[in-house]
2 protein chains.
Amino acid sequence: MYYQQEAKFIVAVDGIILGFRNNELYVLITKRIFEPLKGKRSLMGGFPRIHESLDEAAVRVIHEYTGLKNIRIEQVGAYGDIDRDLGSRVISVAYYALINMEQYDDKLNRSHHAEWVNIKNIGKLVLDHNRMLKDALKIIRRRAATRPIGFDLLPQKFTLPQFQALYEAIYQTAIDKRNFRNRIQQMDILEKLDEKDKLNSKKGAYYYIFNKKKYDMLLEQGYSVSFIHIF
Amino acid sequence: MYYQQEAKFIVAVDGIILGFRNNELYVLITKRIFEPLKGKRSLMGGFPRIHESLDEAAVRVIHEYTGLKNIRIEQVGAYGDIDRDLGSRVISVAYYALINMEQYDDKLNRSHHAEWVNIKNIGKLVLDHNRMLKDALKIIRRRAATRPIGFDLLPQKFTLPQFQALYEAIYQTAIDKRNFRNRIQQMDILEKLDEKDKLNSKKGAYYYIFNKKKYDMLLEQGYSVSFIHIF
DNA sequence: GCAAAAGTGTTAGGTGTACACCCATGA
DNA sequence: TCATGGGTGTACACCTAACACTTTTGC
């Protein structure tokens, strides 16, 4: 063992957990059950264990709050301002995860005092959590601009109006229907089903599923479509 | 004080310090002067102090190694695999900095066993430092694609061939002279001087300086030019 | 005069974006 | 029959990328 003379820090992981329902983006927000700031609205957080990597800790924490396994996470960054946490000097590493709200176990809401909050109505969160959320969204938007993100966010079968609504929610902007569908079609990674969703319209919208094999092939070839022009 | 029962971690900061000279990109690499892995090639690293933010620690560490003040840093990310450091469980936060090699104090090289290594010839670095470097380059490329990065890397007066060479070094690709210049001209953020650099050619290339005021104005307007198409 | 690097414009093809109407169905 | 949301194609402007020759000057 080396470095024994160095200062040690409390390290936390915080999770920005996003879901999509009724054409709106939601963030999983909890009420802190411990001091300081007990009762205030906060992202899902936890502390890595000594035998866990940061990524593993993030996956575990998100699992504890959502009951979901096999989630993909991506790191947002490390937050290390001195007074960012009122409780102590804490360095926090933020991760985001996109999850399918249909698979989410709603029972966990109650046990964790968690709720899905529409991303438009997120108020003040504790500490620097608003900044974390903002940073996560930036990364998600960048990602979504070049690849068809959100297969994690959508149910397995989804309609094109749904898919488009997801993009509109991510960018908070209206997208032309025809342009959106043209681009999707170009990519050729969706499979149209014979089945229709008749909940949202009388005519009904065809369901699609995602052809993962084709998508992975395209990625390997370094493929990228610019979905939305944001840069 | 709260969270006292949580595990504490040794936290490090590592710096990817990039410079540009003779049309090539260089990384500042040191030989570790402490165990473990003493004598092996490594990025510049250090440990944040209790009263320092992570950003401050990164600035301080880079200052210690380069003598430079007023450097801009950007976080690359946190690295938290369990066995990433042989010495102990260490979580490291990486930062990159682009510096002007002309202003760099060469005396520090010797006192820190540091040397500038051409980015093409970086061999194996200790621990996960190769991955950090790769991640930093990804961020730098993304940044350079949409804004005229590298005013930090270039001397105050620079020529267009130099500026282009910088982009070629960042992307490791050849760029058409006329296209590059057209784009630069469109941005209208350079000022041509009457003076010429005659070191690299008989004809001589005009020096330019960067018009920061115009650049900042453009940034405020949410301006972005796609310099190079990489996505 | 000649080698070596600097400097300079145009064009064709592709991509982004704006845009309007018909279709299917339940009520 | 009508109101509602689903589905479809094109034209124009702009941007990207390809491309070749002249200029200057030290040797």
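Within every chain, numbering begins at 1; the chains are lettered A, B, ... in the order of the sequence lines, protein sequences first and strands thereafter. Quick note: numbers below take in every heavy atom, side chains included, and nothing from hydrogens, waters or symmetry partners.
- The side chain of K177(B) lies closest to dG7(C) when the candidates are dT8(D), dG7(D), dG7(C).
- The CG-P distance, from N179(B) to dA12(C), rounds to 16 Å in whole Å.
- For P161(B), taking side-chain heavy atoms from C-beta onward, the closest of the listed nucleotides dA6(C), dT10(C), dG6(D) is dA6(C).
- When rounded to the nearest whole Å, the span between CG of N22(B) and C1' of dA5(C) equals 16 Å.
- Atoms CG (L199(B)) and C1' (dG26(D)) sit 13 Å apart, rounded to a whole Å.
- The CZ atom of F180(B) sits 19 Å away from the P atom of dC15(D) (whole-angstrom rounding).
- The stretch residues 116-130 of chain B participates, sequence neighbours left out, in these salt bridge (Lys or Arg N to Asp or Glu O under 4.0 Å) pairs: E24(B)-K120(B), R84(B)-D128(B).
- Candidate nucleotides dG6(D), dG9(D), dA6(C) were compared by shortest atom distance to the side chain of A205(B), and dA6(C) ranks first.
- Evaluation of the side-chain hydrogen bond (donor to acceptor under 3.5 Å, both in side chains) rule for D152(B) yields R72(B) as partners, not counting sequence neighbours.
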Report all side-chain donor-acceptor pairs from residues 198-208 of chain A shorter than 3.5 Å, counting only partners two or more places apart or in another chain.
from: K198(A); atom 1: NZ; to: K202(A); atom 2: O; distance (Å): 3.1
from: N200(A); atom 1: ND2; to: D197(A); atom 2: OD2; distance (Å): 3.1
from: S201(A); atom 1: OG; to: G204(A); atom 2: N; distance (Å): 2.9

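- Residues Y95(A) and L43(A) are not in side-chain contact: their nearest non-hydrogen atoms beyond the backbone lie 4.5 Å or more apart.
- In this structure E74(B) satisfies the salt bridge (Lys or Arg N to Asp or Glu O under 4.0 Å) test together with R143(B), sequence neighbours excluded.
- Rounded to an integer number of Å, the gap from CG of N182(A) to P of dT8(D) is 10 Å.
- Comparing dT17(C), dG7(C), dT8(D) against the side chain of R183(A) picks out dT17(C) as the nearest.
- In this structure, D176(B) reaches the bases: a heavy-atom distance under 4.0 Å links it to at least one base atom across the strands shown.
- In this structure Q156(B) satisfies the side-chain hydrogen bond (donor to acceptor under 3.5 Å, both in side chains) test with no other residue, sequence neighbours excluded.
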Quick test: give all pairs of protein nitrogen or oxygen and nucleotides 25-27 of chain C nitrogen or oxygen below 3.5 Å, distance rounded to 0.1 Å.
from: dT25(C); atom 1: O3'; to: K198(A); atom 2: NZ; distance (Å): 3.4
from: dT25(C); atom 1: O3'; to: K202(A); atom 2: O; distance (Å): 3.4

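- When the side-chain nitrogen and oxygen atoms of R181(B) are compared with OP1 and OP2 of dG7(C), one or more of them lie within a distance under 4.0 Å.
- At whole-Å resolution of the value, OH in Y206(A) and P in dC23(C) are 15 Å apart.
- The separation between I184(B) atom CD1 and dA6(C) atom P is 15 Å, rounded to whole Å.
- Across all strands, N200(B) comes closer than 4.0 Å only to sugar-phosphate atoms, never to a base (heavy-atom distances).
- Taking the six-membered ring for Trp and the full ring otherwise, F158(A) and F210(A) have centroids separated by 6.0 Å or more.
- The separation between L160(A) atom CG and dG5(D) atom C1' is 13 Å, rounded to whole Å.
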